[in-house]
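Throughout, numbering of the chain's residues begins at 1 and tracks the sequence. Below, each value reflects all heavy atoms present in this structure, side chains not excepted, and no hydrogens, waters or symmetry copies.
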Amino acid sequence: QVQLVESGGGLVQAGGSLRLSCAASGRTFSNCVMGWFRQAPGKEREFVAAISWSGGNIYYHDSVKGRFTISRDNAKNTVYLQMNSLKPEDTAVYSCAADPTNSEVVGVQDWWYEYWGQGTQVTVSS
């Protein structure tokens, strides 16, 4: 089992920044591929970014490339999502997810991930 708790969401103006954190407990975090997903009201959940267990493989959705940065600190059992140049269309509930497969392959589909956090709300005003 892996328990995930997100934090860092909030209300920010367009062009601003937020840093989301996802703290993990339970099973060995360093073995997990970690992903961030988001879901806006009335929309499907969509992939945002993912990072392999070593941090050596990172993948972003095209809509956030150059604006968002995913990183991890295995000593702190935490994965981060730094979000810059935020846009109103980034408004969503952001959730982190864990795939405990000790893999360098990162998944972009939500079914790839076994464990999920509850999510944190990000609202970007125009």
Side-chain angles (χ1 to χ4, degrees):
Q1 289 283 340
V2 177
Q3 292 78 43
L4 303 172
V5 179
E6 302 94 339
S7 61
L11 173 64
V12 64
Q13 289 189 329
S17 298
L18 284 174
R19 188 196 197 201
L20 304 184
S21 299
C22 173
S25 60
R27 191 169 175 168
T28 304
F29 170 80
S30 60
N31 289 345
C32 293
V33 175
M34 298 298 298
W36 284 99
F37 288 76
R38 66 186 180 187
Q39 188 167 20
K43 295 189 176 181
E44 300 267 326
R45 182 161 56 190
E46 70 172 1
F47 169 79
V48 176
I51 186 168
S52 63
W53 72 274
S54 71
N57 192 16
I58 290 174
Y59 193 77
Y60 296 100
H61 190 278
D62 285 347
S63 65
V64 306
K65 280 182 183 176
R67 301 189 298 122
F68 291 11
T69 302
I70 188 171
S71 61
R72 66 188 299 160
D73 185 338
N74 286 345
K76 295 183 178 180
N77 286 357
T78 302
V79 63
Y80 304 97
L81 186 68
Q82 177 67 44
M83 306 186 296
N84 299 329
S85 302
L86 282 161
K87 305 174 181 180
E89 52 264 43
D90 294 319
T91 295
V93 174
Y94 284 71
S95 300
C96 65
D99 162 34
T101 58
N102 196 26
S103 173
E104 284 299 311
V105 177
V106 298
V108 300
Q109 302 289 344
D110 56 5
W111 51 256
W112 187 273
Y113 295 85
E114 184 172 350
Y115 302 104
W116 290 83
Q118 291 297 309
T120 185
Q121 176 71 46
V122 171
T123 303
V124 184
S125 63
S126 57

### Query
Same hydrophobic cluster for Phe47 and Val106, using side-chain heavy-atom links shorter than 4.5 Å among ILVMFWY?
yes

### Task
Answer whether the closest heavy-atom distance between the side chains of Tyr59 and Val48 falls below 4.5 Å.
no

### Task
State, yes or no, whether a side-chain contact exists between Met34 and Leu4 at a heavy-atom distance under 4.5 Å.
yes

Determine all donor-acceptor pairs shorter than 3.5 Å in which one atom belongs to a side chain in residues 17-26; sequence neighbours excluded.
| unit_1 | atom_1 | unit_2 | atom_2 | d |
| --- | --- | --- | --- | --- |
| Ser17 | OG | Asn84 | OD1 | 2.9 |
| Ser25 | OG | Gln3 | OE1 | 3.4 |

### Task
Report, as yes or no, whether the 6.0 Å neighbourhood of atom OH on Tyr115 holds more than 12 heavy atoms from other residues, nucleotides or ligands.
yes

### Message
With rounding to the nearest 0.5 angstrom, report the CZ to CD distance, Arg38 to Glu44.
### Response
14.0 Å

### Query
How close do Ala14 and Ser126 get, heavy atom to heavy atom, and via which atoms?
CB-CA, 4.4 Å

### Query
Quick one: NZ on Lys76 to CG on Asn74, what's the gap to the nearest 0.5 Å?
12.0 Å

#### Entry: Heavy-atom check, side chain of Leu81 versus side chain of Phe68, under 4.5 Å
yes

### Heavy-atom pair with the smallest gap, counting every atom of Ile70 and Trp36
CD1-CD1, 3.6 Å

### Message
Is there a side-chain contact between Ile51 and Val79 in this structure, where contact means two heavy atoms from C-beta onward sitting under 4.5 Å apart?
### Response
yes

### Query
Do any N or O atoms from the side chain of Tyr60 and from the backbone of Ala50 form a donor-acceptor pair under 3.5 angstrom?
no

### Task
Rounded to the nearest 0.5 Å, what's the gap from CD on Gln121 to CD on Glu6? Could you check?
12.0 Å

### Task
Could you walk me through whether Cys32 and Asp99 pass the side-chain contact (heavy atoms from CB on, under 4.5 Å) test, one step at a time?
CA-CA 5 Å; Cys32 293; Asp99 162 34; 6.0 Å; no

### Message
So Val33 and Tyr113, do their side chains get closer than 4.5 Å, heavy atoms only?
### Response
yes

### Query
Are side-chain heavy atoms of Thr69 and Tyr80 found at a separation under 4.5 Å?
no

### Query
To the nearest 0.5 Å, what is the distance between CH2 (Trp53) and OG (Ser30)?
7.5 Å

### Message
Return the NZ to CD distance between Lys43 and Glu89, rounded to the nearest 0.5 Å.
### Response
8.5 Å

### Query
Is Gln118 close to Val5 at the side-chain level, that is, under 4.5 Å between some pair of heavy atoms?
no

### Query
Side-chain donor-acceptor pair under 3.5 Å between Ser52 and Glu104, yes or no?
yes

### Query
Going by heavy atoms in the side chains, are Lys87 and Arg67 under 4.5 Å from each other?
yes

### Task
Indicate yes or no: does Asp62 engage Lys65 in a salt bridge with an N to O separation below 4.0 Å.
yes

### Task
To the nearest 0.5 angstrom, please state how far the OG atom of Ser63 sits from the CG atom of Asp90.
7.0 Å

## Note on the structure
Between Phe37 and the options Trp116, Tyr94, Trp111, Trp112, the ring pair (Phe, Tyr, Trp, His ring centres under 6.0 Å) test singles out Trp116

